[in-house]
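All chains are named by letter (A, B, ...) in the order of the sequence lines, taking the proteins before the strands, and each is independently numbered beginning at 1. On a predicted model such as this, the values are computed, not experimentally measured, just so you know.
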2 protein chains.
Amino acid sequence: MMTSKNDKNTRTTGRPTLNEVARLAGVSPITASRALRGVSTVATALVEKVQKAAAELSYVVNPAARALASAQSHSVVVLVPSLSNLLFIETLEAIHQVLRPKGFEVLIGNTHYSREEEENLLRNYMAYQPRGLLLTGFDRTESARRMVESSNVPSVYMMDLDPGAGLNCVGFSQTSAGETAAAHLISRGRKRLAYIGAQLDQRTLLRGEGFRRALQRAQLYDPALELLTPRPSSVGLGGELFLQLLASHPDVDAIFFGNDDLAHGALLEALRHGIKVPEQVAVLGFNDLPASSFMVPRLSSISTPREAIGRRAAEHLLTLMAGNKIAKPVVDMGFELKVRESS
Amino acid sequence: MMTSKNDKNTRTTGRPTLNEVARLAGVSPITASRALRGVSTVATALVEKVQKAAAELSYVVNPAARALASAQSHSVVVLVPSLSNLLFIETLEAIHQVLRPKGFEVLIGNTHYSREEEENLLRNYMAYQPRGLLLTGFDRTESARRMVESSNVPSVYMMDLDPGAGLNCVGFSQTSAGETAAAHLISRGRKRLAYIGAQLDQRTLLRGEGFRRALQRAQLYDPALELLTPRPSSVGLGGELFLQLLASHPDVDAIFFGNDDLAHGALLEALRHGIKVPEQVAVLGFNDLPASSFMVPRLSSISTPREAIGRRAAEHLLTLMAGNKIAKPVVDMGFELKVRESS
DNA sequence: TTGTACGCGTTATCAA
DNA sequence: TTGATAACGCGTACAA
């Protein structure tokens with residue numbers, strides 16, 4: 001034995017331990033632990049002493065030890081379909097802002113819009129015994145679904161609303177957003193309405209479905225005017241699809257894009273080719289990205305509360321993790337149609 | 001005692017432990033541990049048995065226990081100044097792609113371009129005993145610097161090149177990028193060259209410095225043509241500053257923007273106000289964001305290897321964490337001037 | 001090459 | 001309200 005085995009204060013890392021804090025405060029380690037965690041059963045005088053000692057040593061808990069002892073980590077896993085989309089970044093930021101101050105460590109997983117990748121990420125991250133899960137949408141493999149369910153880890157689903165209303169979710173109705181888009185364009189007197197969507201995740205599809213339903217009700221639906229591609233959404237792709245659609249269907253007089261970057265591309269190509277927006281064709285985007293209101297012409301779009309969703313979902317999860325049940329599991333954050341110059 | 005104290009196999013979490021794997025494989029726990037970690041001193045026959053057992057139980061290590069026992073986590077902390085900038089997203093993606101397959105957990109911290117926030121994040125994340133650090137740039141508080149240094153955690157600095165060449169870094173020379181920008185614009189015969197920068201982080205400043213130096217050498221430098229603001233870079237801001245500059249200095253015939261989104265805003269306002277680009281004023285961006293080549297006119301820009309930097313930095317860190325020293329600590333990934341229509 | 005004994009820093013359990 | 005004791009699951013140091 002190199003060091004005396006009874007020397008509880010021998011440190012290997014340079015960091016102070018709970019033991020040292022306890023000694024300095026003149027209490028037992030467990031009392032120090034309780035004091036620091038704000039567990040109720042500690043006398044306020046002791047709490048203060050412990051906190052002072054901790055501050056003095058600039059003590060920080062060892063998350064590994066804590067996780068091991070409590071069989072619970074302080075990490076929350078967040079799975080989003082993409083990072084290249086500003087969309088989810090704003091949501092992530094908000095999540096961080098809520099969770100970090102509460103001492104949670106946020107683990108981000110990018111599923112790249114793939115169910116398989118999501119399943120893998122989930123399997124891996126579950127090893128960390130996360131305290132909570134923040135997932136995007138409801139479209140996942142059966143096995144992923146089971147993993148989440150059987151783990152009993154508190155989970156909140158973001159972006160969409162659960163039709164079954166059994167899951168905790170914070171989002172808005174994607175289909176009704178699509179309907180709103182159609183209604184707006186129709187109210188402008190447009191007759192030949194198209195939908196262009198990329199990155200065919202469930203929400204893009206749902207939006208298209210709402211759009212289609214509204215068109216059908218107005219007897220304006222033409223399946224030929226639906227341009228869908230699994231390719232990732234981008235400015236370049238938007239321009240390309242826009243030109244392609246107009247070439248094959250020159251009579252189109254309104255287009256709803258599944259994401260603003262597609263619409264930006266369309267607006268730019270319209271400029272380049274002298275296609276008048278909105279005179280010849282109205283353009284409506286989705287998500288209202290920061291650049292949209294500066295496009296030429298300024299892009300009309302459906303603004304979505306990405307940041308608010310992140311914040312709310314994180315708070316939702318916080319109460320869940322605290323062991324409290326939630327009265328209203330489904331939180332509809334709505335969306336807002338911003339009419340500008342392009343439609 | 002609810003459970004017999006000698007029962008090493010009683011589990012509290014539903015998860016299999018190393019003990020169980022070892023029992024199933026008929027070896028001691030430590031042998032199982034070594035086998036799973038690929039430590040050389042285990043007979044191949046045993047390794048196979050252990051791996052089979054692990055697979056059968058679908059065993060996954062408990063990261064907390066591992067971290068506690070080894071006083072080392074498997075997490076790598078990455079600190080970037082912003083997430084709303086597509087820039088760093090691409091870098092982060094690349095980092096993930098390299099580190100995750102190696103079993104590292106990536107902890108992302110957003111400093112929001114603030115030295116104080118970076119210091120705080122660092123202090124917090126250090127509690128996780130990260131195995132490695134990926135930091136952006138060299139501009140940080142003295143205390144943050146000390147924390148990194150005294151921790152002895154392997155660190156790689158991204159985006160810029162260390163002038164002292166003492167630190168491991170992967171990036172490119174910001175000043176020479178600024179010089180290249182100036183040289184290009186000058187070669188186009190421009191005489192009244194301006195620099196517009198936002199989000200005055202060190203790299204933006206360095207770029208401006210390079211630009212200025214080249215202008216001075218060409219006797220073309222006019223301090224009045226430098227528009228700098230600490231406000232965060234955005235399309236809207238770019239348009240605003242562009243108009244402002246042209247109003248106060250109508251003779252400006254070329255502008256170098258510190259970031260592409262600023263340039264996008266400028267191009268859009270030029271369109272709106274009938275200002276001819278590049279005839280009246282040439283516009284050059286920085287970073288070559290995906291949308292740039294689709295702008296009207298197509299934006300000339302200096303393309304930066306964000307993704308490659310992330311990948312390389314992560315690999316760099318991997319060798320460092322493996323205990324190997326690196327022959328050439330400073331890795332210059334360069335940049336590329338893309339001349340398109342706007343300049 | 002394999003195994004034994006122990007400790008990592010914290011929290012749960014139970015007794016005082 | 002506080003404290004003693006025993007885990008939590010794994011890796012290190014050493015011995016065999």
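The shortest side-chain heavy-atom distance between A:Val61 and A:Leu18 does not fall under the 4.5 Å cut-off.
Computed from coordinates, the A:Arg37 CZ to C:dG9 P distance equals 17 Å when rounded to whole Å. One can place CZ of A:Arg23 at 15 Å from C1' of C:dG9, the figure rounded to the nearest angstrom. One can place CZ of B:Arg66 at 5 Å from P of D:dG11, the figure rounded to the nearest angstrom. Counting to the nearest Å, the P atom of D:dG9 and the CG atom of A:Asn62 are 17 Å from each other. Protein atom NE2 of A:His74 is 20 Å distant from nucleotide atom P of D:dC8, rounded to whole Å. Atom pair B:Ile30:CD1 and D:dA13:P shows a separation of 11 Å (rounding to whole Å applied).
If you check D:dT2, C:dT2, D:dG11 against the side chain of B:Ser33, the one that comes closest is D:dG11.
Summary of the strand contacts: B:Ser70 and B:Thr44 both lie near DNA chain C, and taking for each the nucleotide with the nearest heavy atom, the more 5' one is attributed to B:Thr44. Mapped onto DNA chain C by nearest heavy atom, B:Leu68 and B:Gly26 fall at different nucleotides, with B:Gly26 at the one closer to the 5' end.
Classification of B:Glu142 and B:Arg145 as a salt-bridged pair holds, one side-chain N sitting under 4.0 Å from a carboxylate O.
The residue B:Leu18 sits close only to the backbone: its heavy atoms come under 4.0 Å of sugar-phosphate atoms, none of a base.
For A:Arg34, no side-chain nitrogen or oxygen approaches OP1 or OP2 of C:dT13 to under 4.0 Å. B:Thr31 has a side-chain polar atom (N or O) that falls below the 4.0 Å cut-off from OP1 or OP2 of C:dG3. Residue B:Ser28 places at least one side-chain N or O closer than 4.0 Å to OP1 or OP2 of C:dG3.
The aromatic rings of B:His74 and B:Phe104 lie parallel to each other, with less than 30° between the two planes, well short of the 60° mark.
Checking B:Asp160 against B:Gln202 by side-chain atom types alone, no donor-acceptor pair falls below 3.5 Å.
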